[in-house]
S.K.: 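Please read through the structure below; I'll follow up with questions.
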Amino acid sequence: MTDPVNLGGMQTASSPCVYGGLVWFQGVGDNKVWCMPTDASSAALNPMGMQTSQPPFSGLDGMVFFAGISPYQLWMMTASQPFMNVNLGGYQAASTPVAPGDGSVYFRGTGSGSSLPDQALWQVNIITGAGVNLGGYQCKSAPAVIPGGSFVYFQGTDDFLWQVSTLTGDGVKVAGFQCSSPPFVSNNGYLYFQGTDNTVWEVDQSDFSTSRTIGTYKCSSTPVTTQWGQDGFLYFQGTDNTLWQVSLDDPSVATALGSTASSPTAPGDGYVYYQGTDNGLYRVATTSTISSA
């Protein structure tokens, strides 16, 4: 296993986001929005001097979304020069905004003109800026939506895990499960989340009665699979801050990749990106031949 690399010597205050060969992250202390090539082949750039209160999100729309510093404006910015940006619809966001490529961005809202979150689950059109409190629901943390999917998953204000249609706003509880952080909806057909007792859970997106715990592991934040393609592993922050890579076929088979202070990001490029316990912005190669934990 190769050692983790601190990309460009940079630091991050939260989980990084990777898309299109760029890693986007929130600076430490200054809360600046930073981006740099995933191989650190050039220096990090702070576009337009922008700042964020939450981890930024970059994806299929060719845009970067983030919540500004108080009053937490919902910002949409092009992911390349000249970094054109707009406070989308005048909205405010109390979580990372998530844009799955369906023409909308989803986020936990704040009260209008207030720094206090109203916790509404918002769906906002990225072209018109028109928005709706989807199904009238409220959420406790950032929602999760998969590219090409028709549902948004989120942690309710009572910690119950919810599935809501992005088309109708109709929702159901996911088999009565509760979670302690945002869920992760994978393109492998399963939903992953941190239980209220820190157990690592997997639930079938089309049949909630099909579920299991991933071994006897415990996690401190959202567990994730690769975002594009599948390598057969789950990545997560253990309760001791160990960054784990665990086989989904045989959870007894795992390896420790490093130490992380938050949920990692696994874009599917053969690396995992994460916030180290020293706040360093790290990249470490995944391994296909792993040893038993």
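We count residues from 1, following the sequence as given.
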S.K.: Would I146 and V172 show up in the same hydrophobic cluster when neighbours are defined by side-chain heavy atoms closer than 4.5 Å?
M.R.: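 In one cluster with I146: V172, yes.
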
S.K.: Is a side-chain donor or acceptor of S247 paired with a backbone partner of D250 at a separation under 3.5 angstrom?
M.R.: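 Yes.
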
S.K.: If I take atom CZ from residue F151 and atom CG from residue L191, how far apart are they, to the nearest 0.5 angstrom?
M.R.: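 Answer for the CZ-CG pair, F151 versus L191, is 12.0 Å.
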
S.K.: Please step through side-chain contact (heavy atoms from CB on, under 4.5 Å) for the pair V200 and T213, ending with a clear verdict.
M.R.: CA-CA 6 Å; V200 184; T213 59; over 6 Å; no

S.K.: Taking all non-hydrogen atoms of both residues into account, name the closest pair between I214 and V246 and its distance.
M.R.: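 That would be CG2-CG1, 4.0 Å.
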
S.K.: Count I, L, V, M, F, W, Y as connected when their side-chain heavy atoms are under 4.5 Å apart, and connections chain through other members. Are V284 and V18 then in the same cluster?
M.R.: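 No, it is not one cluster - the side chains of V284 and V18 are not joined through contacts under 4.5 Å.
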
S.K.: Strictly by salt bridge (Lys or Arg N to Asp or Glu O under 4.0 Å), give each pair with a member in residues 227-236 just once, sequence neighbours left out.
M.R.: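 Passing the test, one end in residues 227-236: no pairs.
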
S.K.: Are V185 and V98 connected in the hydrophobic side-chain network, where two residues link if heavy atoms are under 4.5 Å apart?
M.R.: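 V185 does not cluster with V98.
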
S.K.: What distance separates L134 CG from L121 CG, expressed to the nearest 0.5 Å?
M.R.: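 Here the rounded value is 5.0 Å.
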
S.K.: Is a side-chain N or O of N6 found less than 3.5 angstrom from the main chain of G280, in a donor-acceptor match?
M.R.: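 Not confirmed, N6 side chain does not pair with G280 backbone.
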
S.K.: Using the ring pair (Phe, Tyr, Trp, His ring centres under 6.0 Å) rule, take W244 and Y235 through it: C-alpha gap first, then chi angles, then the decisive distance, then the call.
M.R.: CA-CA 5 Å; W244 285 105; Y235 302 89; over 10 Å; no

S.K.: Just by distance, with hydrogens left out, do Q227 and N187 show a side-chain donor and acceptor under 3.5 Å apart?
M.R.: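 Checked: Q227/N187 side chains show no N/O donor-acceptor pair below 3.5 Å.
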
S.K.: Quick one about Q194 and T199 (side-chain donor to acceptor, distance below 3.5 Å, no hydrogens or angles considered), yes or no?
M.R.: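 On atom types as modelled, these side chains do not qualify, holding no pair under 3.5 Å.
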
S.K.: Drop me the distance from S58's OG to W24's CH2, to the nearest 0.5 angstrom.
M.R.: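 Those atoms lie 6.0 Å apart.
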
S.K.: Under a 3.5 Å threshold, yes or no: a donor from one side chain and an acceptor from the other, between S14 and Q26?
M.R.: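 The criterion, which ignores hydrogens and geometry beyond distance, is satisfied for Q26 and S14.
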
S.K.: With sequence neighbours left out, what residues match D204 under side-chain hydrogen bond (donor to acceptor under 3.5 Å, both in side chains)?
M.R.: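 side-chain hydrogen bond (donor to acceptor under 3.5 Å, both in side chains) check on D204 returns S206.
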
S.K.: How about L7 and M36: do any of their side-chain heavy atoms sit closer than 4.5 Å?
M.R.: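 L7 vs M36: side chains touch.
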
S.K.: Give a yes-or-no answer on whether the side chains of T255 and Q245 include a donor-acceptor pair shorter than 3.5 Å.
M.R.: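 Per modelled atom types, T255 and Q245 side chains form no pair under 3.5 Å.
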
S.K.: What is the distance from atom CZ of R108 to atom OG1 of T96, rounded to the nearest 0.5 Å?
M.R.: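 OG1 of T96 is found 11.5 Å from CZ of R108.
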
S.K.: Just wondering, do P4 and L257 contact through their side chains at under 4.5 Å, heavy atoms?
M.R.: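 No - every pair of side-chain heavy atoms lies 4.5 Å or more apart.
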
S.K.: Can a donor-acceptor pair be found between the side chains of Q178 and T196 at a distance below 3.5 Å?
M.R.: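 No, T196 and Q178 have no side-chain donor paired with an acceptor closer than 3.5 Å.
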
S.K.: Grab the two heavy atoms, one from L88 and one from G129, that are nearest each other, plus how far apart they are.
M.R.: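 Distance-wise, the nearest heavy atoms are CD1-CA, 4.1 Å.
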
S.K.: Examine distances only and state if a side-chain atom of Q54 and a backbone atom of A93 form a donor-acceptor pair shorter than 3.5 Å.
M.R.: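 No; judged by distance alone, with no hydrogens or angles, the pair does not exist.
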
S.K.: Just do the side chain to side chain donor-acceptor pair (under 3.5 Å) check on Y106 and Q123 with the steps written out, would you?
M.R.: CA-CA 5 Å; Y106 303 82; Q123 178 190 48; 2.9 Å; yes

S.K.: Which pair of heavy atoms, one from S95 and one from P143, lies closest together, and at what distance?
M.R.: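 Scanning both residues, the minimum pair turns out to be OG-CD, 4.0 Å.
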
S.K.: Evaluate the criterion side-chain contact (heavy atoms from CB on, under 4.5 Å) for residue pair M10 and V28; output intermediate values, then yes/no.
M.R.: CA-CA 9 Å; M10 298 299 292; V28 172; over 6 Å; no

S.K.: Mark yes or no for whether T52, through its side chain, and F66, through its backbone, hold a donor-acceptor pair below 3.5 Å.
M.R.: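 No; zero donor-acceptor contacts below 3.5 Å.
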
S.K.: Mind checking who shares a hydrophobic cluster with W228, ILVMFWY linked at side-chain heavy-atom distances under 4.5 Å?
M.R.: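 Direct or chained contacts put W228 with Y19, L60.
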
S.K.: Is there a donor-acceptor pair under 3.5 Å between the side chain of E202 and the backbone N or O of Y192?
M.R.: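 No: the side chain of E202 does not pair with the backbone of Y192.
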
S.K.: Nearest 0.5 angstrom please: L281 CG to S15 OG, how far?
M.R.: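 The OG atom of S15 is 11.0 Å from CG of L281, to the nearest 0.5 Å.
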
S.K.: Considering all heavy atoms of both residues, which atom of V105 and which atom of I126 are nearest to each other, and what is their separation?
M.R.: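 Answer, listing the atom of V105 first, then I126: N-CG2, 4.0 Å.
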
S.K.: Is there a donor-acceptor contact under 3.5 Å linking the side chains of T210 and D207?
M.R.: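 Indeed, the side chains of T210 and D207 share at least one donor-acceptor pair under 3.5 Å.
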
S.K.: Kindly determine whether T265 and V272 satisfy side-chain contact (heavy atoms from CB on, under 4.5 Å), including the steps that lead there.
M.R.: CA-CA 6 Å; T265 297; V272 176; over 6 Å; no

S.K.: Hey, does the side chain of T286 reach the backbone of G270 with a donor-acceptor pair shorter than 3.5 angstrom?
M.R.: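 Such a contact is found between T286 side chain and G270 backbone.
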
S.K.: So do P97 and L74 actually touch side chain to side chain, heavy atoms under 4.5 Å?
M.R.: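 Yes, at least one pair of side-chain atoms sits under 4.5 Å.
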
S.K.: Hey, are D30 and Q51 close enough side-chain-wise for a donor-acceptor pair under 3.5 Å?
M.R.: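 Their side chains do not contain a donor-acceptor pair, so the 3.5 Å distance test is not met.
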
S.K.: Keeping N31 on the side-chain end and S53 on the backbone end, is there a donor-acceptor pair under 3.5 Å?
M.R.: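 No, N31 side chain to S53 backbone: no donor-acceptor pair under 3.5 Å.
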
S.K.: Treat each ILVMFWY residue as a node, draw an edge where side-chain heavy atoms are under 4.5 Å apart, and state whether F65 and M50 are in one component.
M.R.: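 No, because F65 and M50 fall into different hydrophobic clusters, even though each may have its own neighbours under 4.5 Å.
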
S.K.: Tell me whether F25 shares a hydrophobic cluster with Y271, the cluster being built from Ile, Leu, Val, Met, Phe, Trp, Tyr side chains joined at under 4.5 Å.
M.R.: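 The answer is yes; both residues are in one hydrophobic cluster.
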
S.K.: Can you tell me if Q119 uses its side chain to pair, donor with acceptor, with the backbone of Y137 under 3.5 Å?
M.R.: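 Here the side-chain-to-backbone pair does not exist.
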
S.K.: Mind telling me whether Y91 and F107 have parallel, tilted or perpendicular rings, with 30° and 60° as the class edges?
M.R.: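 Rings of F107 and Y91: perpendicular, over 60°.
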
S.K.: What pairs of donor and acceptor atoms, side-chain ones from residues 77-86 against any protein atom, are under 3.5 angstrom apart with sequence neighbours left out?
M.R.:
from, atom 1, to, atom 2, distance (Å)
T78, OG1, S80, O, 3.1
T78, OG1, F83, N, 3.3
T78, OG1, M84, N, 2.9
N85, ND2, F83, O, 3.2

S.K.: Measuring from N241:CG to S221:OG, what's the distance to the nearest 0.5 Å?
M.R.: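 So the gap between those two atoms works out to 8.5 Å.
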
S.K.: For L248 versus P251, what's the shortest heavy-atom pair and its separation?
M.R.: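 Between these two residues, the closest heavy atoms are O-CD, 4.2 Å.
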
S.K.: For S263 and T222, work out which heavy atoms get closest and say how close.
M.R.: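 Distance-wise, the nearest heavy atoms are OG-O, 2.6 Å.
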
S.K.: Give me the one residue out of F160, F177, F236, F184 that meets ring-ring contact (aromatic ring centres under 6.0 Å, His included) with F193.
M.R.: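 In the set F160, F177, F236, F184, the residue that makes a ring-ring contact (aromatic ring centres under 6.0 Å, His included) with F193 is F177.
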
S.K.: Tell me the salt bridge (Lys or Arg N to Asp or Glu O under 4.0 Å) pairs involving residues 33-62, sequence neighbours left out?
M.R.: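 Of all non-adjacent pairs touching residues 33-62, none passes salt bridge (Lys or Arg N to Asp or Glu O under 4.0 Å).
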
S.K.: Can you pull the side-chain hydrogen bond (donor to acceptor under 3.5 Å, both in side chains) pairs that have at least one residue in residues 156-168, sequence neighbours excluded?
M.R.: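 For residues 156-168: K140-D159, Y153-Q163, Q155-D159, S165-T168, T168-D170.
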
S.K.: Between T260 and T277, is the side-chain contact (heavy atoms from CB on, under 4.5 Å) condition met? List the steps.
M.R.: CA-CA 5 Å; T260 183; T277 51; 5.9 Å; no

S.K.: Start with the C-alpha distance between D240 and T242, add both sets of side-chain angles, then the distance that settles side chain to side chain donor-acceptor pair (under 3.5 Å), and finish with yes or no.
M.R.: CA-CA 6 Å; D240 61 355; T242 297; 3.0 Å; yes

S.K.: Hey, are the side chains of Y282 and P16 touching, using non-hydrogen atoms and a 4.5 Å cut-off?
M.R.: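 No, every pair of side-chain atoms sits at 4.5 Å or beyond.
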
